[in-house]
Amino acid sequence: MAARPRADFRIGTLGFTAWLHHLVRFIYPITPMTRLSGYFLPTEREPPADAEAVSHKLMVRAGLIRQVGAGLWSWLPAGWRVHQRAAQIIREELDAIGAHEMLMPVLNPAEPWRRTGRYPIDELFKLKDRRDADLVLALSHEEIVTGHIAQVVRSYRDLPLILYHIQTKERDEPRPRAGVLRTREFIMKDSYTFDRDREGLDVAYDKHVTAYDRIFDRTGLEWYRVEGDVGYMGGFGAHEYMAPCPAGENEIALAEGYAANMEVASADAQPVELPARVDAPEEVSTPGMTTVAQVASALEVPAGALLKAYPVVLPEGEMRMVMLRGDHRVNDIKLRLALASDFRPATAEEVAARIGPPGFIGPVGTDLPILLDAAVYDGVREGGYVTGANTPDAHLRGVEPGRDFAFERVDVRSVLAGDTVNGQAIRIEPAIEVGNIFKLGTRYSERLEATYLDEHGRSQLVWMGSYGIGPARIAAAAVEQFADEKGISWPRSLAPFDVEVVVLGREGSDERTFADRLYGELQDLGLSVLYDDRDAGPGEKFADAELLGCPLRVTVGKRSLASGEIEAQIRRGMVSTTVPVEDAAPAVARAWGELP
RNA sequence: CGGGGAGUGGCGCAGUCUGGUAGCGCACCCGGCUGGGGGCCGGGCGGUCGCAGGUUCAAAUCCUGUCUCCCCGACCA
């Protein structure tokens with residue numbers, strides 16, 4: 001009785017539905033205990049001494065996560081609520097494209113991993129059971145899910161399928177870092193699509209684009225879908241979902257209408273002024289000058305007027321010489337794609353034996369196949385470049401591609417800020433990868449024999465895609481993107497609680513009575529509420545509320561009751577508004593509904 | 001894997017160089033005051049100094065080994 005003395009109040013204020021709702025709760029007290037006085041929310045005044053990233057510091061300080069070991073984290077109740085909210089958004093949008101949730105084990109027999117060739121991966125945790133059988137801890141679930149498909153799917157009529165689960169992943173990361181941004185154990189939503197053919201895969205992939213776009217829109221994050229690295233063997237398309245933030249481990253190139261991972265980004269280079277054309281290359285003495293900076297400065301030309309050589313060796317031992325502008329850098333991933341092969345840089349000995357003195361090598365006079373980066377002019381316009389002369393202490397000036405050496409055109413450089421795409425200058429920002437989608441093709445179905453019989457009774461390989469999202473990274477990225485000097489500022493969709501009610505006043509005071517009631521009313525309106533009913537000073541309560549970052553803070557004190565207006569502070573931007581004491585709850589709910 | 005740094009009450013740190021009774025702030029507990037921005041007064045609890053071995057009359061401190069954590073880089077199916 002004393003616990004719930006407000007039923008009659010509600011009939012009048014909230015209407016019959018809410019009253020009924022309350023009655024049900026009165027009988028089945030399912031309301032979660034979110035009175036701060038009895039909640040496990042250990043806030044800290046100071047960040048962990050060794051924390052660097054904003055999300056790491058704030059999530060620990062706010063009482064969301066606690067470290068267990070390197071790359072191993074517990075999610076405390078409020079943090080887990082955030083994680084669950086992210087997971088629920090993912091779940092809803094995947095269900096909406098016809099995906100079906102399931103659950104696969106983390107502990108796997110080694111055998112399917114051996115079959116797919118992934119057993120030797122260093123990141124894969126390996127262990128043995130008591131009978132000395134080899135086991136692994138799954139770092140994703142292609143092997144297991146494809147194994148099920150191989151067993152179950154017989155006919156083209158069984159396809160397509162979209163399956164997913166939200167399950168722990170284990171990865172023996174060489175370097176866990178930055179709180180929950182890169183951990184050894186984490187929860188991932190991974191989905192897998194199974195189709196009859198390549199066209200079917202394209203459809204499944206597009207469905208994931210739709211779902212992912214909606215998911216990341218709903219999280220409230222700033223995000224980009226960028227082109228990702230497909231790998232030169234068997235990838236058919238890949239995108240990554242990137243959330244820009246200072247602690248990000250990736251770099252993305254962004255321009256109006258363009259977004260790509262730096263690993264694969266392509267853009268038009270900024271122009272460089274070349275020395276005037278000459279009839280034939282001429283040798284100049286450059287004693288001891290083996291760096292671009294030295295040569296450029298000695299010859300008084302911009303670094304971009306130099307062509308530097310990057311000799312590489314293919315697995316079969318063949319050599320290639322990559323030429324690019326002196327102010328540009330080779331992007332190994334793009335080069336690997338261009339070569340359609342792994343490669344390694346040639347050693348100084350190999351260079352000396354095959355081409356010329358290291359530091360002075362160039363394209364003129366060599367018989368090596370030359371790959372010329374797209375940013376290098378081809379000689380029909382502009383002037384001549386400076387290159388190594390393939391003799392000690394000398395360079396050539398006035399070198400023109402095409403006239404002075406033959407080449408194959410490639411795009412293998414890392415783009416720079418200020419380069420353009422469709423005339424729009426790009427900028428480069430750090431970002432955290434929060435999701436990825438990947439067209440696998442038949443790599444796994446081949447090795448695990450996932451086949452079906454088509455309309456003509458012929459056996460066909462199943463076409464697969466795999467798609468991941470890390471809810472923990474969504475949470476951390478949101479912290480990174482929206483934090484201010486006071487703490488976290490959650491987007492509405494991810495906040496651990498919609499509203500935090502702060503009461504100022506002793507046990508038994510009018511403020512308490514009012515706040516108790518408001519707490520219940522807000523919950524009855526469908527809001528999740530954290531109620532700071534602790535016997536603490538106002539400063540401490542405000543500081544904690546701002547640290548935790550619920551979108552809306554409602555303060556009930558003597559002052560508010562006397563003035564007839566209650567302060568409602570919007571966390572994002574720390575904007576204060578007021579709601580009338582009369583009908584406070586619906587007014588708070590309306591205010592909440594307008595937040596980001 | 002390479003480089004750098006750190007392990008001392010719950011948190012943040014001093015003390016280590018130069019061996020000699022383990023300290024500070026916050027937090028916590030008790031009493032009181034205060035009550036719209038981490039407030040005040042008084043009284044308390046709590047640490048075998050990461051672990052193991054060694055040197056020494058004596059080790060947080062010196063020596064050896066080892067474990068753990070963080071940062072930078074490499075790596076990131």
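Naming convention: chains lettered A, B, ... in sequence-line order (proteins, then strands); numbering from 1 in each chain.
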> Does U66(B) have a Watson-Crick or wobble partner in any strand here, with both distances under 3.5 angstrom, and which is it?
Replying inline: G50(B)
> So which of residues 530-549 of chain A are in contact with RNA chain B, with a heavy-atom cut-off of under 4.0 Å?
Replying inline: D535(A), A536(A), P538(A), G539(A), E540(A), F542(A), A543(A), D544(A), E546(A)
> When you measure from the side chain of K308(A) to the backbone N and O of V292(A), does any donor-acceptor pair fall under 3.5 Å?
Replying inline: no
Quiz: residues 498-507 of chain A side-chain donor-acceptor pairs under 3.5 angstrom, not counting sequence neighbours:
residue, atom, partner, partner atom, Å
D498(A), OD1, R85(A), NH1, 3.2
D498(A), OD2, S528(A), N, 2.8
D498(A), OD2, S528(A), OG, 3.2

>> Looking at P105(A), is its backbone amide N or carbonyl O close enough to the side chain of H141(A) to form a donor-acceptor pair, meaning the two atoms are under 3.5 Å apart?
In response: yes
List, with names and distances, any nitrogen or oxygen atoms from the protein found under 3.5 Å away from nitrogen or oxygen atoms belonging to nucleotides 5-10 of chain B.
none

> Quick one: side chain to side chain donor-acceptor pair (under 3.5 Å) partners of E263(A), sequence neighbours excluded?
Replying inline: none
> Reading nucleotides 66-77 of chain B from the 5' end, what letters show protein touch, with B for base, S for backbone sugar-phosphate only, - for no heavy atom under 4.0 Å?
Replying inline: ---SSSBBBBBB
>> Taking ring-ring contact (aromatic ring centres under 6.0 Å, His included) as the definition, give me every residue that meets it alongside F194(A), ordered by chain and number, with sequence neighbours left out.
In response: none
> What's the CZ-C1' distance between R45(A) and C11(B), to the nearest Å?
Replying inline: 11 Å
> Can you list every ring pair (Phe, Tyr, Trp, His ring centres under 6.0 Å) pair that touches residues 45-67 of chain A, not counting sequence neighbours?
Replying inline: H56(A)-W73(A)
>> Tell me which pairs pass side-chain hydrogen bond (donor to acceptor under 3.5 Å, both in side chains) where either residue lies in residues 116-125 of chain A, with sequence neighbours left out.
In response: T116(A)-E143(A), R118(A)-S140(A), R118(A)-E142(A), R118(A)-E143(A), R118(A)-Y444(A)
>> Using the rule given for side chain to side chain contact (heavy atoms under 4.5 Å, CB included), can you reason through R61(A) versus I488(A), listing the C-alpha separation, both sets of side-chain angles and the distance that settles it, and then say yes or no?
In response: CA-CA 10 Å; R61(A) 282 191 56 209; I488(A) 301 169; over 6 Å; no
> When the C1' atoms of U18(B) and A58(B) are considered, how many whole Å apart are they?
Replying inline: 16 Å
>> Counting only Watson-Crick pairs (N1-N3 plus N6-O4 or O6-N4) and G-U wobbles (N1-O2, O6-N3), all under 3.5 Å, who is the partner of U61(B)?
In response: none
>> Please give the distance between the P atoms of A60(B) and C1(B) as a whole number of Å.
In response: 33 Å
>> Say we look at G31(B) and G7(B): how far apart would their P atoms be, to the nearest angstrom?
In response: 38 Å
> Taking the P atom of each, how far is G50(B) from G3(B), in whole Å?
Replying inline: 25 Å
> Expressed as a whole number of Å, how far does the C1' atom of G73(B) sit from that of G36(B)?
Replying inline: 50 Å
>> My understanding is that a pair needs two contacts under 3.5 Å, Watson-Crick or G-U wobble. By that rule, which nucleotide pairs with U16(B)?
In response: none
> By side chain to side chain donor-acceptor pair (under 3.5 Å), which residues pair with D195(A), not counting sequence neighbours?
Replying inline: none
> What integer number of Å spans the P atoms of G19(B) and A59(B)?
Replying inline: 13 Å
>> Work out how far the C1' atom of G9(B) is from that of G2(B), and round it to whole angstrom.
In response: 37 Å
> Counting any heavy atom closer than 4.0 Å, what does R553(A) reach on the DNA or RNA strands: base, sugar-phosphate only, or nothing?
Replying inline: base
> Taking the six-membered ring of F497(A), is NZ or CZ of R81(A) closer than 6.0 Å to its centre and within 45° of its axis?
Replying inline: yes
> When you check every protein heavy atom under 4.0 Å of nucleotides 41-47 of chain B, what one-letter string (B, S, -) results, 5' to 3'?
Replying inline: -------
> G35(B) P sits how many Å from E507(A) CD, rounded?
Replying inline: 18 Å
> Tell me the side-chain hydrogen bond (donor to acceptor under 3.5 Å, both in side chains) pairs involving residues 555-564 of chain A, sequence neighbours left out?
Replying inline: R553(A)-T555(A)
> If you look only at pairs with a residue in residues 236-246 of chain A, which of them pass as a side-chain hydrogen bond (donor to acceptor under 3.5 Å, both in side chains), with sequence neighbours excluded?
Replying inline: Y205(A)-H239(A), D213(A)-Y241(A), E240(A)-N261(A)
>> Under a 3.5 Å distance rule, please check whether R171(A) uses its side chain to pair with a backbone N or O of L139(A) as donor and acceptor.
In response: yes
>> Can you check the distance between G12(B) and G20(B), where both ends of the measurement are the C1' atom (answer in whole Å)?
In response: 28 Å
> Which part of the nucleic acid, if any, lies within contact of P47(A), taking any heavy atom under 4.0 Å across all strands shown: a base, the sugar-phosphate backbone alone, or nothing?
Replying inline: sugar-phosphate
> Does T577(A) use its side chain to pair, donor to acceptor, with the backbone of A568(A) at less than 3.5 Å?
Replying inline: yes
